[in-house]
Amino acid sequence: MIDVRNLTYSIGGRVLLDDLSFYLPTNATVGVVGANGCGKSTLFRLILGDLVSDQGTIAKAGGAKVVTVRQEIGDDSVPLLDFVLGADGDLMTLRRASEEEHDGMKLAEIFEQMEAIDGFNAEIRAATILSGLGFLNEDLQKPLKDFSGGWQIRAALGATLFAPSDILLLDEPSNHLDFETSLWLKNYLQKIHGKKTIIMISHERDFLNTLCDKILHLPSGNLYSGNYDVFIETRANQQQSLAKRIEKQEAARKHLQSFVDRFRAKASKAKQAQSRVKMLEKMEKLPKLDRDYTVRFSFPDPRPIDRLLINVKKGVAGYGERIVLSDLNLKIDAGDRIALLGANGNGKSTLVKVLSDRLALFGGSVEFAKKLQIAYFSQQLTDELEVTKTPFKILSAVLSDSNETQVRAQLARFGLMQQKSDTRVSNLSGGEKTRLLLAIITRQAPHILILDEPTNHLDIDAKDALIEALNEYEGAVVLVSHDFYFVEAVCDQLLLVRDQRCLPFAGDLEDYVEVVLAEKREMKKSENNVKNSVKNQLLPKNEKKRKQIVKELEKLEKEIADLSRQKQNLEQALQKNYAAEKIAELSAIGDSLTRREQEWVDRSKMLENLGKSQGEAL
């Protein structure tokens, strides 16, 4: 499906992709992995044709449709459902043609093409995807501008999943999703596994293990069969074997070179020395060992204070007159590792604001331990960093009593060494901005870390480093994350936020996954609500077309009856008095009658298809 040969791409004088060659077979699901900045997103842009390589080629199967998530929404006044439907260009073209065409035969052809692409069920398919991504029935006709940036990204993902494609490119598709929606997406991609080629950049082990049958590693360009865990094991074995071969070859090289250096000048040994030189020249050129970058995070340990850090009693929280959480009773002790579960909109962010002392309660009480230091992380805060300043200057401003060595030491805790610490924020990757924010919020050695989706822009190695640092950290952790592996590796307490309550979840993360899947199955049973909603939206659009076809059928039936009478009268006349000119007339009437009957059949089929789109298919 995709054949890459000798692909090289440079940016700013730095070679990002160097002489890559690999072949991705049809209908494979391929995970693209590698450190931040190694060229994964650049490879996608090269496949899409948005960038031109320095050398090499990317060949795709002829006529293959390549689809990816749109970065720009465009006209945000478009209703959500229409935005998703618009992702299918062929569907839109056929619908416009059906509205403008009045010729019966051509209209029949258009309807046949619509049926071939399941166009009569398009609204149903689009609404089902949007429901899985967390949108409600009443959201379908809302304009895109009514949704936040995060929900607009979900809409763009929905349009991508709806669009017909042979090659689907997904760049961190689970970012901006909650745990529950991420689970739906994983299941959806499992259902289309093997039906199209899916190439996915992801830093989530669970996604890569569950979905992928091949792993493409960058910057090496090596393609591995199997999921991520198999890739890790295979690559480790290959690197270990290669290291031994390099070591053995280097020892042989030194031995030969020593002989050459020793006897090159001696006439009696010159021939043997020359032979050794040829042996050196013919030595196999082994590939270099991959140099995986290593990053280590380190959280400063907090000063001792009371063990009970936060105590919420009968708390009621919300905004304006709207209550989001009620009867909130929660204690957080030093050393707790808590994950907050629940779909977006259920109150996780509200609870996080209460615990981080950013939102006052409507009622009840919250007590914070004396001298408690709280560190709060959210992706929104990374967007508020001053882009024209460097990490060093930003941290120096908040650590005004610290010297340069102390400031750089704090940045180094999160892998921002001198080069990166002196780089403008505008030139840092998303993962590097995340590290900077972690360095800022932990500068006072906090007693509790409240982390809202901290891994969105971290690669797998950085996530592993963060897991290790959190497990070594002596303070408490409250975590919101859609990453199954990350939550499971860090937390041992689960709190479920839903129905305005926050209660302990009795079970582990696997049990919670089963609960979510069971609820999804129940939702499927009541999916008629979504379908009926779409049906009501379809009726006005199709009623005009239905009336037109019914009118045409009535006209055709009258013409068929009239032609049948003419044919019958001619046949009777010929029986009484044969005339050659009447034979020709009879033949012409017969041809006209056949055409009218075929038109009647075609229009009847159109009427049936319209019925399917708003009846049986629902």
Side-chain angles (χ1 to χ4, degrees), residues 132 134 174-175 177-190 202-212 227-230 232 299 307 309-310 312 325 327-349 351-352 355 377 448-456 458 460 463-524:
S174 58
N175 276 0
L177 302 182
D178 54 36
F179 184 92
E180 292 74 12
T181 310
S182 180
L183 182 60
W184 174 87
L185 176 62
K186 183 175 68 175
N187 289 339
Y188 179 88
L189 293 175
Q190 278 183 295
S202 178
H203 296 144
E204 293 189 31
R205 289 174 184 263
D206 188 50
F207 258 63
L208 294 169
N209 279 330
T210 303
L211 299 172
C212 297
N227 62 17
Y228 184 77
D229 284 347
V230 173
I232 288 294
F299 294 105
R307 180 164 184 78
L309 304 181
I310 302 176
V312 185
L325 295 171
D327 198 19
L328 185 60
N329 295 283
L330 178 62
K331 292 181 178 181
I332 299 179
D333 293 328
D336 279 351
R337 297 289 190 274
I338 299 170
L340 301 182
L341 306 176
N344 279 0
N346 281 2
K348 296 193 302 292
S349 295
L351 178 56
V352 161
L355 296 178
F377 176 96
I448 180 171
L449 295 173
I450 300 176
L451 307 175
D452 190 351
E453 296 290 358
T455 65
N456 272 358
L458 297 180
I460 293 178
K463 283 185 182 181
D464 288 344
L466 182 55
I467 289 170
E468 185 177 350
L470 288 172
N471 287 335
E472 292 175 355
Y473 171 61
E474 293 183 0
V477 176
V478 176
L479 176 66
V480 177
S481 177
H482 66 271
D483 190 321
F484 182 98
Y485 180 85
F486 189 77
V487 172
E488 198 171 45
V490 172
C491 299
D492 53 21
Q493 296 181 55
L494 303 178
L495 297 181
L496 179 56
V497 183
R498 67 187 300 176
D499 301 327
Q500 297 189 347
R501 304 290 302 279
C502 175
L503 299 172
F505 179 76
D508 59 17
L509 206 54
E510 290 281 2
D511 295 325
Y512 181 65
V513 169
E514 286 303 313
V515 168
V516 173
L517 291 177
E519 290 176 349
K520 293 289 185 185
R521 287 191 289 269
E522 286 299 314
M523 285 178 64
K524 273 194 171 182

Check against side chain to side chain contact (heavy atoms under 4.5 Å, CB included), V497 and L351: CA-CA 9 Å; V497 183; L351 178 56; 4.1 Å; yes
Pair I310-K331, side chain to side chain contact (heavy atoms under 4.5 Å, CB included): steps then yes or no: CA-CA 6 Å; I310 302 176; K331 292 181 178 181; over 6 Å; no
Chi angles and distances behind the side chain to side chain contact (heavy atoms under 4.5 Å, CB included) call for K186, D206: CA-CA 9 Å; K186 183 175 68 175; D206 188 50; 2.6 Å; yes
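Judged by distance alone, the side chain of N187 and the main-chain N or O of W184 form no donor-acceptor pair under 3.5 Å. At distances below 3.5 Å, at least one donor-acceptor pair connects side-chain atoms of H203 with backbone N or O atoms of L458. Put simply, the side chain of K348 never gets that close to the backbone of V480: no donor and acceptor are under 3.5 Å apart.
With hydrogens and angles left out, the side-chain atoms of E180 and H482 include no donor and acceptor closer than 3.5 Å. Looking at Q190 and T210, their side chains never bring a donor and an acceptor atom within 3.5 Å of each other. Side chains of N344 and N346: no donor on one and acceptor on the other come within 3.5 Å.
Not counting sequence neighbours, R337 has no partner by the salt bridge (Lys or Arg N to Asp or Glu O under 4.0 Å) test. Scored by the salt bridge (Lys or Arg N to Asp or Glu O under 4.0 Å) test, D452 finds no partners at all (sequence neighbours excluded). For E472, the salt bridge (Lys or Arg N to Asp or Glu O under 4.0 Å) partners at least two apart in sequence or on another chain are R296. For L495, the side-chain contact (heavy atoms from CB on, under 4.5 Å) partners at least two apart in sequence or on another chain are L330, I338, L340, C502, P504. Not a single salt bridge (Lys or Arg N to Asp or Glu O under 4.0 Å) links D336 to another residue, sequence neighbours left out.
To the nearest 0.5 Å, atoms CG (N175) and CG (N456) are separated by 4.0 Å.
Note on E519 versus R498: salt bridge recorded, some NZ/NE/NH1/NH2 to OD/OE distance being below 4.0 Å.
Here the closest heavy-atom approach between residue C491 and residue L479 is recorded as SG-CD2, 3.8 Å. Looking at every heavy atom in both residues, S174 comes nearest to F207 through CB-CZ, 4.1 Å. Minimum interatomic distance between L208 and S202 (heavy atoms only, all atoms of both residues): CD1-O, 3.6 Å. The minimum heavy-atom distance between F377 and P454, with the atom names listed, is CE2-CA, 3.3 Å. Annotation for G507 and L494: closest pair O-CD1, 3.7 Å, computed over non-hydrogen atoms. Of all heavy-atom pairs between A476 and L309, the closest is CB-CD1, 3.8 Å.
Side-chain contact between L328 and V312 is present, with at least one heavy-atom pair separated by less than 4.5 Å. Contact annotation: the side chain of L451 never approaches that of V478 to less than 4.5 Å [non-hydrogen atoms, C-beta and beyond]. Side-chain contact between V513 and L183: present, with at least one pair of heavy atoms (C-beta onward) separated by less than 4.5 Å. Between V477 and I448 the shortest side-chain heavy-atom distance does not fall below 4.5 Å.
The stretch residues 483-505 participates, sequence neighbours left out, in these ring pair (Phe, Tyr, Trp, His ring centres under 6.0 Å) pairs: F505-Y512.
In summary, of the residues considered (D483, N227, D464), a side chain to side chain contact (heavy atoms under 4.5 Å, CB included) with R205 occurs for D464 alone.
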